[in-house]
Amino acid sequence: MNYEHKSIESKWQKIWQETSLADCDVSQTRDNFYNLCMYPYPSGDLHMGHIRNYTIGDVITRYKQKNGFNVLSPMGWDSFGLPAENAAIKTGIHPKKFTEERISNMRDQIQRLGSLYDWEKEVAAHDKDYYKWTQFLFIKLFENGLAYKDDAPVNWCTSCKTVLANEQVIEGGCERCDATVEQKNLNQWFFKISEYSEELLKGLDEIGDWPSNVKSMQENWIGKSKGAEFNLNILDTDLNFPVFTTRPDTLFGMTFAVLAPEHNIINEIIKISPSSEEIKKYIKKTNAKSEFERMSITKQKTGIDTGLYVLNPINGKKVSLFIADYVLVNYGTGAIMAVPGHDERDYEFAKVYNLPILQVIIDESHSINIDQEPFTERGVLINSEEYNNLNSHDEASDEILKYLKEKGIGEEKTIFRLRDWLISRQRYWGCPIPVINCSACGLVPESFDNLPVLLPEIDDYKNSEDSPLANSKEFINTSCPKCGIQCLRETDTMDTFVDSSWYFLRFLDSKNNDMPFNKEIINSWLPINQYIGGVEHAILHLLYSRFFIKALRDIGMVDVNEPFHNLFSQGMINFGGSKMSKSKGNVVDPESYFATHGADALRLYILFMAPPSDGVEWNDGGIEGTKRFLNKIWDNFEKMSSIEIVKHNELDAEIIRKINQAIFSVTNHLDKFEFNTAVSDLMKINIELTKYLSSTQAISKRTKDYIVFNICSLLYPFAPHIASELNNMYTSQNIAELSWPIFDETNLTDPTYELVVQINGKKRHTKIVNTGTSKEEAEKICEIEFKLDLKNYKKIIFVQDKIINFIG
RNA sequence: GCCCGGGUGGCGGAAUUGGUAGACGCGACGGACUUAAAAUCCGUUAUUCGAAAGGAUGUGGGGGUUCGAGUCCCCCCCCGGGCACCA
């Protein structure tokens, strides 16, 4: 029979609300557990990814509550961002109205999933009471030298008409719209995340439980390289420039040097180079190329000979100086020593321009030569004077570095790939940068009393070269907070990743009108015990938030090193082979399942379908299975309610043991985030219950209570509505308020097991025997039962309560 | 190219420390109930030989360690994800 999921679910959601089950007193300082799901962008409707995220989060919330923790599980909205603005351009509806309607719709949907959230603490990034504090924190960073404005070559999306962070450029295109991204020189705001490169990297080792792939993605992104930096002198001039290399051991193999086309020293070179006209032409050509074109590794390398020379510092040899766009200005020093014999890119370039290629490393057996390709593996040095025969890489690098240091030419150097975080956006629907351009005082932050710098009402959201805010006279015209003269505001807004870098702090003190948050509360609640969200945020959001916490710590606003202790990344849910998206028309709408199958069945299915960290294909039939399971357990409980009560029933011992095993197994799986197998445990215990109920006509009161309490408790984190209702069939107690069941360690093993009899490692027979049967007893059983002659076997291996293996 | 994951029935996936491979669910097939269908219930379901009893094969491929390998070691192939002219 189908149980009435609709009425049951709304009934219990109401009860949880009325009993304030989700409300958390953050002033309490004992047994706190901060369980956080990544706050969503209000896209309009909940999708399966959200359902997966919030179901996992709720399982943890309810499980931890039952274990006595004071759980904080808040929810909010990452509500600034492009889609609302693009919609406004199209339809004329104000982004605020558009966004808030969507928030209210999604909030309803989230509530119907039955997850517990402390809505008292809800925040929304676009709310002026929130972005006031985003601006406050920006000013704090600015005052502490962690936010600065600088000219920089930036990524400009030709379609969104805005600057993008490096992280938002995917294969030369805009992350959002795929349009071509151009390089432009603009005056932009940056956060000094690069100052924390080393700490962000180290922190990954000290952090709690994070998925290894997320750690490795962050490591890759930070990109630490150890090597040497030394100066090259341009022959017959006093021009010097530094180069960076990770392979100082190959220094004798340098046969030319290369500068990036944007390198500062080129201005000087043009003055003295015999081929300055060609250089100018080459640089012009390079500028016209898109970032993607330049980065494409398939194209042939290009460059230009400056006609100038530099000296190899280790042997004084004169080599040519080139300019080439395969050298990147914003990595290392923007200049390299080229060792074509042992570097693929230099090799390729040398082939194109017919430059000498010198082998300075050879494999141990001296059989490798570099006629066809460079040799980049380990070996020993040749053609390197007194360094010959040293091992390449480490040993030789150390020695050559020592020489460079002694001579005062160079030094050890560690560089990072991570660059400063560009946060300016030339868009409307974001947090205004609270800075004023004063012709007398320079860049001046808005005074705290004047915060928030409100987003003005404007007629036209379209941006051209300037930000939309530049069109609002009321907005841009202001006076300098320092000297009072008339001046103009900054017109850019912040990257929305700034908003999401600190929202988890505001949750703890969301009503605070004097400060973004109270330091003491943050110190007692952070790091967040469990953070749960999609793997798509593995780099950006998680790295930025980590930076933010470290920056706020150094400013003195918190005493915490890392924001997130444990991180869980759920896999994506695909449908029809690709990621669900409205544009592809392959969206499975969770809302319809609330009506047809109920929230509990949907929750169970989404947990059961695969290990939660795996990506998975949506299968419509699967949810039928979890709904069937709920119907069956419902039927069992109804059947049990009409069963005769007796003092004692012999069959009880077994069902009690099976339930005890289930408590053990579900608890273990829950602790390890193995929700799929935890759900299968629940299904198994229901099969046992079905068997038990069909084989007995009577039950003892104690057994019945045991069954009800434990099955309802185990089911509760996963399918909380039906678990609460089933429990109420028998008692007026609310299952939500009872503690997590404890298993009896002495009652986990079954009294018998199936002994596997192997002969020479192959399974030949099985036999049900008593648990604890000794080797001798097992041998005797095999002699009698399977007519084995023990004399025929050299060796008998017996594994207690598992197998016996006769070797002969 | 580099760095992470991963490869088990028709499908999603289970398998403490090496110890009965395929739990649980979906699907399929057969049966019961029904005028019929749906729902529900019962049974079968890795492949293969066999009437059966029983045997052989089987966790991407090839080697190895072991009484015993999905699990450990070496080599190779394939798939997913991330990074990528990063010196």
Side-chain angles (χ1 to χ4, degrees), chain A residues 1-2 171 211-221 223-225 227-228 243-247 250 258 260 294-299 301 324-328 330-339 342-346 348-349 376 415-419 535-536 538-539 571-572 604-605 608-611 613-626 628-629 631-632 635 665 668 674 676-687 690 694 753-766 793-808:
Chain A
M1 207 193 90
N2 274 353
E171 288 189 347
S212 62
N213 63 327
V214 174
K215 280 192 189 181
S216 106
M217 278 156 81
Q218 293 218 350
E219 270 164 27
N220 266 329
W221 192 263
K224 180 175 180 171
S225 296
V243 293
F244 173 79
T245 179
T246 52
R247 295 290 308 277
T250 62
V258 188
R294 260 190 76 171
M295 300 286 246
S296 160
I297 38 173
T298 50
K299 75 154 181 109
K301 295 202 168 13
D325 67 1
Y326 81 91
V327 174
L328 308 174
N330 39 19
Y331 183 76
T333 60
I336 60 159
M337 67 168 201
V339 184
H342 305 283
D343 180 279
E344 277 172 30
R345 297 144 303 176
D346 297 344
E348 210 184 303
F349 189 79
T376 55
I415 61 165
F416 294 90
R417 212 182 65 103
L418 181 66
R419 289 171 224 159
V535 72
E536 63 272 21
I539 299 178
M572 284 204 295
L604 278 178
Y605 176 54
F608 180 63
M609 66 199 312
S613 56
D614 286 8
V616 69
E617 176 76 15
W618 178 262
N619 171 355
D620 227 27
I623 192 169
E624 297 294 337
T626 52
R628 259 174 235 160
F629 159 65
N631 284 334
K632 284 183 210 169
D635 289 349
S665 189
N668 281 330
E674 292 165 351
N676 54 329
T677 44
V679 174
S680 93
D681 285 338
L682 297 171
M683 291 171 166
K684 281 181 205 171
I685 196 60
N686 189 50
I687 291 173
T690 308
S694 65
Y753 73 99
E754 202 174 25
L755 174 70
V756 174
V757 181
Q758 293 185 341
I759 294 170
N760 290 321
K762 296 226 174 210
K763 176 177 146 195
R764 281 293 177 263
H765 313 278
T766 61
Y793 302 100
K794 290 195 281 252
K795 201 173 158 192
I796 298 167
I797 290 164
F798 178 72
V799 181
Q800 185 68 51
D801 297 340
K802 288 211 166 85
I803 61 146
I804 186 159
N805 190 3
F806 296 88
I807 321 294

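Only the P atoms considered, B/G55 is 25 Å distant from B/G62, to the nearest whole Å. For the P atom pair drawn from B/C3 and B/C75, the interatomic distance equals 13 Å after rounding to whole Å. Between B/A14 and B/U66, the two P atoms lie 32 Å apart (nearest whole Å). Taking atom P on both B/G18 and B/G27, the two are 37 Å apart, rounded to the nearest angstrom. Taking atom P on both nucleotides, B/C49 is separated from B/C24 by 27 Å, rounded to a whole Å. Comparing the P positions of B/G30 and B/G22 gives an interatomic distance of 26 Å, to the nearest angstrom. Here the separation of B/A51 from B/G63, taken at their P atoms, is 33 Å to the nearest Å. Comparing the C1' positions of B/G12 and B/G6 gives a spacing of 15 Å, expressed to the nearest Å.
For the pair A/N668 CG and B/U17 C1', the computed distance is 15 Å after rounding to whole Å. Atom-to-atom, CD of A/E219 to P of B/C3 comes out at 12 Å; the value is rounded to the nearest Å. In this structure, A/F608 places its CZ atom 8 Å from C1' of B/C26, rounding to the nearest Å. For A/D343 and B/C85, the CG to P distance is 13 Å, given to the nearest whole Å. Straight-line distance from the NZ atom of A/K301 to the P atom of B/A87: 14 Å, rounded to whole Å. Note: CG (A/D614) to P (B/G13) measures 6 Å, nearest angstrom. Going from atom CD of A/E674 over to atom C1' of B/G13 covers 13 Å, rounded to whole Å. Rounded to whole Å, atom C1' of B/A84 lies 14 Å from atom CD of A/E348.
Taking the side chain of A/M217 as heavy atoms from C-beta on, and the options B/G82, B/A87, B/C24, the nearest nucleotide is B/G82. Distance from the side chain of A/S680 is smallest for B/C24 among the nucleotides B/C4, B/A14, B/C24. Closest to the A/E754 side chain, of the nucleotides B/U20, B/C41, B/A87, is B/U20. Considering only side-chain atoms of A/P611, the nucleotide from B/A23, B/U20, B/A14 that sits closest is B/A14. Considering only side-chain atoms of A/I687, the nucleotide from B/G25, B/A23, B/U17 that sits closest is B/G25. When the nucleotides B/C24, B/C85, B/G19 are ranked by their closest atom to the side chain of A/K684, B/C24 comes out on top.
Using N1 to N3 plus N6-O4 or O6-N4 for Watson-Crick, or N1-O2 and O6-N3 for G-U wobble, each under 3.5 Å, B/G25 pairs with B/C11. In this structure, B/U34 forms no base pair with any nucleotide, since neither Watson-Crick nor G-U wobble geometry is met with both distances under 3.5 Å. Across all strands shown, B/U57 forms a Watson-Crick or G-U wobble pair, both distances under 3.5 Å, with B/A46. Pairing partner, B/A51: none, since no Watson-Crick or wobble contact has both distances short of 3.5 Å. Remark: B/G5 base-pairs with B/C79. Criterion, Watson-Crick or G-U wobble with two distances under 3.5 Å. B/U71: no Watson-Crick or G-U partner with both key distances under 3.5 Å is found in any strand.
Ring centers of A/W221 and A/F416: at least 6.0 Å apart, outside the cut-off.
In terms of heavy atoms, A/W618 sits closest to A/M609 at CE3-CE, 3.8 Å. Looking at every heavy atom in both residues, A/K632 comes nearest to A/N686 through CB-ND2, 3.6 Å. Contact between A/R247 and A/T376 at its shortest, heavy atoms only, is NH1-O, 4.1 Å.
Stacking of A/K301 on the aromatic ring of A/Y326 is recorded, both the 6.0 Å distance cut-off and the 45° axial limit being met.
Applying the side-chain hydrogen bond (donor to acceptor under 3.5 Å, both in side chains) test to residues at least two apart or on different chains, the pairs with a partner in residues 755-766 of chain A are A/E754-A/T766, A/Q758-A/N805.
For A/K762 and B/U57, the shortest distance from a side-chain N or O to OP1 or OP2 is below 4.0 Å. Taking side-chain N and O atoms only, A/R417 has no distance below 4.0 Å to OP1 or OP2 of B/A87. Between A/T333 and B/A87 there is no side-chain N or O to OP1 or OP2 distance below 4.0 Å. Residue A/R628 has no polar side-chain atom (N or O) positioned under 4.0 Å from OP1 or OP2 of B/C41. OP1 or OP2 of B/A14 has at least one side-chain nitrogen or oxygen of A/N676 nearer than 4.0 Å.
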For nucleotides 64-71 of chain B, give me every protein contact, N/O to N/O, under 3.5 Å, one pair per line with atom names.
residue: B/C67; atom: O2; partner: A/N805; partner atom: ND2; Å: 2.5

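Summarising the geometry, atom OG belonging to A/S665 is positioned 6.5 Å from atom NZ belonging to A/K684; distances are rounded to the nearest 0.5 Å.
A/N619 and A/Y605 are not linked by any side-chain donor-acceptor pair at a separation below 3.5 angstrom, with hydrogens and angles left out of the test.
If A/K763 and A/V327 are placed on RNA chain B by their nearest nucleotide, the residue sitting closer to the 5' end is A/K763. Between A/Y753 and A/R764, the one whose closest nucleotide on RNA chain B sits nearer the 5' end is A/Y753.
More than 90° away from 0 lies the glycosidic angle of B/G10, which makes this nucleotide anti.
With respect to A/V327, the side chain to side chain contact (heavy atoms under 4.5 Å, CB included) criterion is satisfied by exactly one of A/I336, A/V243, A/T333: A/I336.
Relative ring orientation between A/Y331 and A/F244 is described as perpendicular, the plane-to-plane angle rising above 60° on a 0-90° scale split at 30° and 60°.
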